[in-house]
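Only one structure is covered here, and it is reproduced in the block below.
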Amino acid sequence: MSFVSVMETIGKGFAKGLKWAVEYAVPVEKLVGLLFPVAAPIANEVADATSLIQTAVLLVEQKYAASGAQSGTGAQKLSEVLLVTEQSVTALLAKAGITADSTYIANVVSAVVAILNVQNGQGSVAA
């Protein structure tokens, strides 16, 4: 089953879907190691920021899947994820000594999306 099909199914049963999506998601510890390899001493803040981004990506993807408007909406999805996460992620990363602007956070969001796509063996989905 493709990531898109899975997310469409999840979007239709939101309560059940969120639980499944969180279980499907890449473990935050793995994302932290991939995205922030030099951040071991400050991993809690980085893990929290990464978890926040991943959860937002999954929720936004569910929303678009439920409405049937997934294709060609990457820019809108990215914008929504940034709206929901940017301020908190910036603060969490600052605690970890990482200066993050909008472009940096957008790149991290794109990396999370790419990892989710690779994990499922697909080329492109989500934000």
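Both backbone and side-chain heavy atoms feed into the values below; hydrogens, waters and symmetry mates do not.
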Check your understanding: Residues in salt bridge (Lys or Arg N to Asp or Glu O under 4.0 Å) with Glu86, at least two apart?
Key ->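 Salt bridge (Lys or Arg N to Asp or Glu O under 4.0 Å) check on Glu86 returns nothing, list empty.
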[X] [atom1] to [Y] [atom2] distance, which is reported to the nearest 0.5 Å:
X      : Y      : atom1 : atom2 : answer
Gln54  : Leu59  : CD    : CG    : 10.5 Å
Thr103 : Asn107 : OG1   : CG    : 7.0 Å
Ile105 : Thr90  : CD1   : OG1   : 3.0 Å
Ile53  : Ser110 : CD1   : OG    : 10.0 Å
Lys95  : Leu92  : NZ    : CG    : 6.0 Å
Lys63  : Glu80  : NZ    : CD    : 3.5 Å

Check your understanding: Does Gln87 have any side chain to side chain contact (heavy atoms under 4.5 Å, CB included) partners at least two apart in sequence or in another chain, and if so, which?
Key ->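 Gln87 satisfies side chain to side chain contact (heavy atoms under 4.5 Å, CB included) with no other residue.
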Review point. Under the side chain to side chain contact (heavy atoms under 4.5 Å, CB included) test, which residues partner Leu93, sequence neighbours left out?
Key: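 By the side chain to side chain contact (heavy atoms under 4.5 Å, CB included) rule, Leu93 matches Phe36, Val46, Ala49, Val89, Ile98, Ala100, Tyr104.
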Review point. What are the two closest non-hydrogen atoms of Leu82 and Ser102, and how far apart are they?
Key: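 Residues Leu82 and Ser102, closest heavy atoms: CD2-O, 4.5 Å.
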Review point. Can you tell me if Gln76 and Tyr64 form a side-chain donor-acceptor pair at under 3.5 Å?
Key: no
Review point. Mind checking whether Ile115 and Val113 sit in one hydrophobic cluster, side chains of I, L, V, M, F, W, Y counted as touching below 4.5 Å?
Key: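 Yes; tracing contacts between hydrophobic side chains, which count when under 4.5 Å, links both residues.
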**Study point:** ILVMFWY cluster, Leu52 and Val57 together (side-chain gap under 4.5 Å)
**Key:** yes
Check your understanding: Step by step, would you call Val108 with Thr50 a side chain to side chain contact (heavy atoms under 4.5 Å, CB included)?
Key -> CA-CA 8 Å; Val108 173; Thr50 306; 5.7 Å; no
